*Asks:* 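Just passing along the structure, written as C-alpha cells.
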There are 2 protein chains.
Amino acid sequence: MNRMLRHFSVVVTLVMLSACASHFPVVETVVPPAPPPTPDALADWNDGPAKRAITDFVARVVKPGTPDYVPPEERIAVFDNDGTLWLEQPAYTQLVFTLQRVHELAPQHPEWKTQEPFRSVLKGNMAGVAASGEEGALKLLAATHAGMTTDQFSDIVHKWFASAKDHRFDRPYTELAYAPMIEVLRYLEANGFTNYIVTGGGVEFVREISESVYGIPPEHVIGSTIRYKYSVIDGVPTLTRIAQLANVDDGPGKPQTIQGVIGRRPLMAFGNSDGDLPMLEWTAGGSGPRFAALVHHTDATREYAYDRTSKIGKLDKALDEANSKGWTVIDMKSDWKTVFP
Amino acid sequence: MNRMLRHFSVVVTLVMLSACASHFPVVETVVPPAPPPTPDALADWNDGPAKRAITDFVARVVKPGTPDYVPPEERIAVFDNDGTLWLEQPAYTQLVFTLQRVHELAPQHPEWKTQEPFRSVLKGNMAGVAASGEEGALKLLAATHAGMTTDQFSDIVHKWFASAKDHRFDRPYTELAYAPMIEVLRYLEANGFTNYIVTGGGVEFVREISESVYGIPPEHVIGSTIRYKYSVIDGVPTLTRIAQLANVDDGPGKPQTIQGVIGRRPLMAFGNSDGDLPMLEWTAGGSGPRFAALVHHTDATREYAYDRTSKIGKLDKALDEANSKGWTVIDMKSDWKTVFP
C-alpha cells in the first residue's frame, strides 16, 4: 500500500468526494440513564493531563445546581473520524476502498486500460492518478461511488469492509479504531452526552460501520455528501447516487454542517488535523464551559508519528492554536495505554 | 394580510428560499420510557378510520416477538410542517415573516421605494412581487434571511414570533399548530418513536419554534437551507448566512434529505400536499409495515378547505395516490374534534 500511495495531492481530495447510502439494519445504541462514572471508565488511558482534562470537564458540566451545569440535551460532543477515531495512515480508508473498487470493476471496463485516471490506478501509479487532477478524482468518484441506488452502495461498502484489511496491522479496518477513544464515546454517553461523528469522509461510507465499530447510529453521522436523484422506477421509489458533490465536510464545512444538521453548538470537540480546526474553534467559541481536543499522533511504534508536514492529517496551525489556547492535546504515546482494541 | 396575498406563483417559492440560525437555549423533550398507550392518547380525534389506522399501525409494530415488530431505533416518523402540523393559509408563515421583515427594514433602505421587488412588497402589490420572478425572490431572501450571523437570525425570528399574529384567528402563529397532530407526536414518542420535521421551510426558521410548539428539538428538524460562510472575526468564530440556497426541502428534496440526514427510511410519514408525495412514497416503499398519511383540509369553518386547485398546499396527485394505495387520508372536518389547542 505504501508504494501505491506516494503522491496524494489530488488523491487526498478524493476522500472528500465521498458519500451516502444506507438502510442496513443498524441497531441504535441505547444510552443508559447516566450511571455514576466509574473510576475505570477510561481504563485505556494513562493517568495524565489529557485524561484528567476530559474527566474534569465532564464532572464540571453534569452537576445540577452548579454554575457550569449543562442540561443533557445540550451535551453534544463531535468527533472527527479519520485520525481521531480510527487510523488514517498510510491512506484514508475510503481512498483504499476507492482504489480497490477500481480494480474490482476493471474486468467490466476494458477501456480503463487506456483511460486516465483508471489506467494509473490499475498500474499502481499514484503519481499518474494525482496528475489527472480534480477531473480524474471526479471520474473515480463517478465510477466507484455513484450510479447505483443508496441500497446498492450500502451493500457494496458493507461487503468491502467484511474482507478488506490494513496491510501493516493485518487486521480489518473495523478493528483499527482507537480503544481509548471508544472509551471516551461510552464515557460521554454514560454522562448524558450525545456523540456525533463529523467526518470529511462520505456520510454513507462511514455509516456502514458507525454502529458496529463506534456504537454511533446512522443519524448521528454527519459527513461529505453527494447528490441523489429521486425517481420512481417501475413503481419502486429510488434514490440514485449521482456523481456530484453536495457538500465537503472538511475545514469550514464542519461548523457549517454542525449548524445545518444539529443546530446546536457542541460542548466538546475532538479532532486531529488542521481540517478540524474550524470545528474546534466553533466549539470552543461557545459561551460557558467548552472543551476542544486534538489527537496528536506521536507513536510510530504502535501506530504512526506525524503532524506538521504530513500530507494526510496535517496538524500544524491547529497544534499552534491548541497550545496558545490551552486546548487538550492527546499525546498518543504517553496518554494511551492501548491503541487498538 | 389577505389583500396582500392575492398572487403567489413566485412568492410561494420564496418559502423554499428559507434557512438557518440557532443557539437559543432549547430544552430537549425527554422521551419517557414508553408507558403503555392510554386509551385517550388521541383524545382530540374522533373515533374513525384515521385514528384507528394510526393506533392499529403503532400497536402492530411495537409488540416484541411478533412478525411486524420494529425495534425502537428504527421507529422514525417524519412530518411535513406547513399544512400538516400547523396552518399554511392564507400564506406560509415564513412568507408572512419575509414580507413583514421588508416593512420593518424599509426605513433603513430608502432606495427600496423605487426598487423591485421591495417597492411592490411595501405597496402590498403581490402581483408586482410575483412579476419580479426568481430574481426578485432571491433579493427578498438576501434582504431578510442573509447577511447576518446565525445567532442574529435566530434572534430576529425569535422576536418576530413573539409578536406576529394570524389575522383571521387573532392568535400568534405558535398557537396555530393542530392539536390532534401534537397528540400524534406525543403518542408516537410514548411508543418509542423519534419524530422529525421535514419541512420546505427554512430549517432555522422552524427550529426557532419547534421545541416550544411541537416538543421537537432542533436536531430533529430538517428543512431548506441556505449557505453559511465560516470565518473568525476579531477572534470570534462566526457563521454568516449568505444568500445562496444550499437545499430546497420540497418534493424529491424530502427523501433526499431524509437519507442524507437520518440515513434510515422512516416507518411513518405525514404530509398534506403534492410536495410531500415523494416523502410518502419513499416511506411507504420500505420493506415491512409502513404508514403514510395525508392531512386533508376539509374544514372551511374551523380552518380552511382546499386541495386539488389550491396554490398553497396543492393536494392533487398525492390524493389520487393515497386513494389508490390505501394510505390514510385524515379528514380534518370529520376526524378532528379540535383543530387548534
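Note that these values count all heavy atoms, side chains included, but never hydrogens, waters or copies made by symmetry. In this text, all values refer to a predicted model and were calculated from it rather than measured experimentally. Convention: sequence-line order gives letters A, B, ...; per-chain numbering from 1.
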*Asks:* Relative to chain B, which segment of A:P71 carries a heavy atom at a distance below 4.5 Å: side chain, backbone, both, or neither?
*Replies:*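 Nothing of A:P71, per the 4.5 Å heavy-atom cut-off to chain B.
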
*Asks:* What are the two closest heavy atoms between A:Y228 and B:Q259, and how far apart are they?
*Replies:*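 Shortest heavy-atom separation between A:Y228 and B:Q259 comes out as OH-CG, 3.3 Å.
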
*Asks:* Atom NZ of residue position B:K229 - does it have more than 12 heavy atoms of other residues, nucleotides or ligands inside 6.0 Å?
*Replies:*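 No, NZ of B:K229 has 12 or fewer neighbouring heavy atoms, counting only those of other groups under 6.0 Å.
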
*Asks:* What pair of heavy atoms forms the shortest contact from B:P218 to A:G263, and how long is it?
*Replies:*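 For B:P218 and A:G263, the tightest heavy-atom pair comes out as CB-O, 4.2 Å.
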
*Asks:* Any side-chain donor-acceptor pair under 3.5 Å between A:E219 and B:Y196?
*Replies:*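 No.
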
*Asks:* Do you know which two heavy atoms are closest between A:G285 and B:P237, and how far apart they sit?
*Replies:*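 In this case the closest contact between A:G285 and B:P237 is CA-CG, 4.1 Å.
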
*Asks:* Non-hydrogen atoms of chain A under 4.5 Å away: do they reach the side chain of B:P255, the backbone, both or neither?
*Replies:*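 Its backbone and side chain both get close to chain A.
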
*Asks:* A:R264 and B:P217: which non-hydrogen atoms are nearest, and at how many Å?
*Replies:*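 Minimum heavy-atom contact is NH2-CB, 3.5 Å.
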
*Asks:* Shortest non-hydrogen contact from A:V232 to B:E281?
*Replies:*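 Taking every non-hydrogen atom into account, CG2-OE1, 3.4 Å.
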
*Asks:* Above 12 or not: heavy atoms from other molecules or residues under 6.0 Å from NZ of A:K317?
*Replies:*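 Atom NZ in A:K317 is not packed in, count stays at 12 or less.
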
*Asks:* Where on B:V261 is there a heavy atom nearer than 4.5 Å to chain A: the side chain, the backbone, both, or neither?
*Replies:*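 The answer is both parts of B:V261.
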
*Asks:* Check whether B:T238 gets within reach of chain A through its side chain, its backbone, both or neither, counting any heavy atom under 4.5 Å.
*Replies:*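 Interface part for B:T238: backbone (N, CA, C, O).
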
*Asks:* Can you tell me which portion of A:K254 sits under 4.5 Å from chain B's heavy atoms? Options are side chain, backbone, both or neither.
*Replies:*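 Looking at A:K254, nothing touches chain B.
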
*Asks:* What's the shortest heavy-atom distance between B:Y230 and A:W282, and which atoms?
*Replies:*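 The answer is OH-N, 3.9 Å.
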
